[in-house]
Peer 1: 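This is the structure, below, for whatever I ask next.
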There are 2 protein chains.
Amino acid sequence: MDSFSVPEVVVLRLPLYVRALSQLRDGGTDVVSSQQLGSLLQMTPAQIRKDLSYFGRFGKQGRGYNVRFLLHELREILGLDREWRACLIGVGRLGHAIINYPGFSPEGFKIVAAFDGDSDQVGTSIGGFKVRPMEDLAEVVNEMKISIGIVAVPASQAQEVIEKLIENKVKGILNYAPVAPQVPMNTVIRNIDPVLSLQSMTFYLR
Amino acid sequence: MDSFSVPEVVVLRLPLYVRALSQLRDGGTDVVSSQQLGSLLQMTPAQIRKDLSYFGRFGKQGRGYNVRFLLHELREILGLDREWRACLIGVGRLGHAIINYPGFSPEGFKIVAAFDGDSDQVGTSIGGFKVRPMEDLAEVVNEMKISIGIVAVPASQAQEVIEKLIENKVKGILNYAPVAPQVPMNTVIRNIDPVLSLQSMTFYLR
DNA sequence: TAATGTGAAAACCTTCACAGCT
DNA sequence: AGCTGTGAAGGTTTTCACATTA
């Protein structure tokens, strides 16, 4: 059951299951049915069972899923059973918010370096480390084994920065700039763009 | 051609077209083909033409689409031809970043009020207006004709806050809290959750 | 009994391919 | 000649429904 046979939509949903299961575990629930998980996540039990079936058989008939076991399996499937190191590019207002966001680290995503193309920013301290010039990217990415780049530069510079990351073998990009970046197929990009979200929302509010 | 017959995936893509067309217009391009637009957005020309066909016939055969005209039509379809007023709930670090984010306003989304459940925050000033207590929500939403709520409270309080917004007839919610909120069907919710994005990314980076 | 896992069916979405218009 | 708009085909995703198992 390799990565390629699993629909991407399914992969996008796995983190939802991980989060719901974490909550259930923290709430002391030992066993959960696809029915219960479904009502928690507002989706059908059939979809949850089908999604999980791409990866194996994790439940017990007549009973449901052991919360801790399923959580562990899903975390492993997603590669969340290790630490992922990321660098931040762009330390403006948005960059500051990202580096101070307390949600990444407990989930195993550590921002370990920050860069900025603006020489005024370089050398200043942010979130515990010094902002470095873009010229240091190759060296730092390599030495610190950084596999994810978080892009928080203005739209006009985003494509260029993303290309630089890719040149340096960064395969995962979390892009906050309001652009549609061009990336090679072996790169995984996720865009965070609240304006796009609002703009599709208003269609239904009209 | 009413809202219900249009696939949701199509609606989610319209803002991408709007953004690309805005850029083309700003760059002085008058006419664009589905081919060109597709290569800009990394999608097939057929998909773009099909998407647009749900709403009308905007192009000229043999020629392409008039950039300004199509842009205008799409903005109208999405309801972007007017101003949308939003309130922010939660003025912690994340809330501050949101209120200071310069990307909303030029697109017609105005944050016109801020609330917080924490009495220490209430009365402080942020982004030009005073933070109000949650008790004022009903009154303010009504008086200021707020139709969108932006939720930036901790996960533990998100569901409660969202319910309060819905009680007050706020039909659109942009949720930054890492939860899967339960909302009635006539409410439109969009979740911004960078951790989920990263967690599905790592599946492909393993 | 109660819930999983899964083929098959149904629904949905994308791409093809070409008639038709400019 | 060139590109749109669109039925039809093809592909993907979701849901159904039930055999199976604890």
Side-chain angles (χ1 to χ4, degrees), chain A residues 1-17 20-21 24 29-74 77 185 200 203, chain B residues 1-17 20-21 24 29-74 77 185 200 203:
Chain A
M1 202 61 74
D2 69 300
S3 316
F4 303 106
S5 63
V6 180
E8 180 160 13
V9 271
V10 173
V11 175
L12 291 173
R13 281 192 295 263
L14 296 186
L16 295 172
Y17 303 153
L21 290 164
L24 287 169
T29 305
D30 289 333
V31 175
V32 70
S33 67
S34 58
Q35 178 70 246
Q36 295 170 298
L37 208 46
S39 78
L40 223 55
L41 292 169
Q42 312 245 77
M43 47 203 292
T44 66
Q47 180 162 73
I48 292 171
R49 295 201 303 275
K50 186 59 129 186
D51 283 358
L52 297 178
S53 79
Y54 284 101
F55 303 98
R57 307 161 54 118
F58 306 111
K60 288 222 198 321
Q61 278 149 327
R63 202 157 150 60
Y65 301 90
N66 178 293
V67 171
R68 282 171 183 275
F69 173 67
L70 181 55
L71 179 55
H72 177 266
E73 294 295 299
L74 289 181
I77 288 162
M185 269 183 7
S200 68
F203 177 77
Chain B
M1 202 61 73
D2 68 302
S3 316
F4 303 105
S5 64
V6 180
E8 181 161 11
V9 271
V10 173
V11 175
L12 291 173
R13 280 191 295 262
L14 296 187
L16 296 172
Y17 303 153
L21 290 165
L24 287 168
T29 305
D30 288 333
V31 175
V32 71
S33 67
S34 57
Q35 179 69 245
Q36 295 171 298
L37 206 46
S39 78
L40 224 54
L41 292 170
Q42 313 244 78
M43 48 203 291
T44 67
Q47 179 161 74
I48 292 170
R49 295 201 305 275
K50 186 59 127 185
D51 282 358
L52 297 178
S53 79
Y54 283 100
F55 303 97
R57 308 161 52 116
F58 306 112
K60 289 225 199 319
Q61 280 147 325
R63 201 156 152 59
Y65 302 90
N66 178 294
V67 171
R68 282 170 182 276
F69 173 67
L70 181 54
L71 179 56
H72 178 266
E73 294 296 299
L74 290 180
I77 288 162
M185 270 182 9
S200 68
F203 178 78

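Below, read A as the first sequence line, B as the second, and so on, with proteins coming before strands; counting in each chain starts at 1.
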Peer 1: Round to a whole Å and report the spacing from CG of Leu37(A) to P of dA3(C).
Peer 2: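 Answer to the nearest Å: 13 Å.
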Peer 1: Just so I know, are the side chains of Leu52(A) and Leu70(A) near enough to count as touching, which here means a heavy-atom distance under 4.5 Å?
Peer 2: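 A side-chain contact exists here, since the closest heavy-atom pair is under 4.5 Å.
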Peer 1: Taking atom P of dC12(C) as reference, at what distance in whole Å does atom CZ of Arg13(B) sit?
Peer 2: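 These atoms are roughly 15 Å apart.
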Peer 1: Write down the distance between CD (Gln47(B)) and C1' (dC12(C)), rounded to a whole number of angstrom.
Peer 2: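 In whole Å, dC12(C) C1' and Gln47(B) CD are 13 Å from each other.
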Peer 1: Rounded off to whole Å, could you give me the CD-to-P distance for the Gln42(A) and dT14(D) pair?
Peer 2: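 One finds 16 Å between P of dT14(D) and CD of Gln42(A), rounded.
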Peer 1: If I take atom CG in residue Leu70(B) and atom C1' in nucleotide dT4(D), what distance separates them, rounded to the nearest angstrom?
Peer 2: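 Going from CG in Leu70(B) over to C1' in dT4(D) covers 12 Å.
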Peer 1: May I ask you to test the Leu14(B)-Phe55(B) pair for a side-chain heavy-atom distance under 4.5 Å?
Peer 2: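 Yes. Closest side-chain heavy atoms under 4.5 Å.
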Peer 1: Between C1' on dA3(C) and CG on Asn66(A), what's the gap in Å once rounded to a whole number?
Peer 2: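 My rounded result for the distance is 15 Å.
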Peer 1: If I take atom CD in residue Gln36(B) and atom P in nucleotide dG2(D), what distance separates them, rounded to the nearest angstrom?
Peer 2: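 Roughly 13 Å, once rounded to whole Å.
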Peer 1: So, applying side-chain contact (heavy atoms from CB on, under 4.5 Å) with Leu24(B), which one of Leu37(B), Val31(B), Asp30(B) is it?
Peer 2: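 Of the listed residues Leu37(B), Val31(B), Asp30(B), the side-chain contact (heavy atoms from CB on, under 4.5 Å) partner of Leu24(B) is Leu37(B).
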Peer 1: Can you find a pair of side-chain heavy atoms, one from Tyr17(A) and one from Met43(A), that are under 4.5 Å apart?
Peer 2: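 Side chain of Tyr17(A) against side chain of Met43(A), heavy atoms only: contact under 4.5 Å found.
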Peer 1: As an exercise, state the distance from OG of Ser200(B) to CD of Glu8(A), rounded to the nearest 0.5 Å.
Peer 2: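 So the OG of Ser200(B) and the CD of Glu8(A) are separated by 7.5 Å.
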Peer 1: Just do the side-chain contact (heavy atoms from CB on, under 4.5 Å) check on Arg49(A) and Tyr65(A) with the steps written out, would you?
Peer 2: CA-CA 10 Å; Arg49(A) 295 201 303 275; Tyr65(A) 301 90; 3.7 Å; yes
Peer 1: Pick out the pairs of N or O atoms, protein on one side and nucleotides 4-8 of chain C on the other, that lie under 3.5 Å.
Peer 2:
{"from": "dT4(C)", "atom 1": "OP1", "to": "Ser34(A)", "atom 2": "N", "distance (Å)": "2.6"}
{"from": "dT4(C)", "atom 1": "OP1", "to": "Ser34(A)", "atom 2": "OG", "distance (Å)": "3.4"}
{"from": "dT4(C)", "atom 1": "OP2", "to": "Ser34(A)", "atom 2": "OG", "distance (Å)": "2.8"}
{"from": "dT4(C)", "atom 1": "O2", "to": "Gln61(A)", "atom 2": "NE2", "distance (Å)": "2.7"}
{"from": "dG5(C)", "atom 1": "OP1", "to": "Phe58(A)", "atom 2": "N", "distance (Å)": "3.0"}
{"from": "dG5(C)", "atom 1": "OP1", "to": "Gly59(A)", "atom 2": "N", "distance (Å)": "2.8"}
{"from": "dG5(C)", "atom 1": "OP2", "to": "Tyr65(A)", "atom 2": "OH", "distance (Å)": "2.8"}
{"from": "dG5(C)", "atom 1": "O3'", "to": "Arg57(A)", "atom 2": "NH1", "distance (Å)": "3.4"}
{"from": "dG5(C)", "atom 1": "N7", "to": "Arg49(A)", "atom 2": "NE", "distance (Å)": "2.8"}
{"from": "dG5(C)", "atom 1": "O6", "to": "Arg49(A)", "atom 2": "NH2", "distance (Å)": "2.9"}
{"from": "dT6(C)", "atom 1": "OP1", "to": "Arg57(A)", "atom 2": "NH1", "distance (Å)": "3.4"}
{"from": "dG7(C)", "atom 1": "N7", "to": "Lys50(A)", "atom 2": "NZ", "distance (Å)": "3.3"}

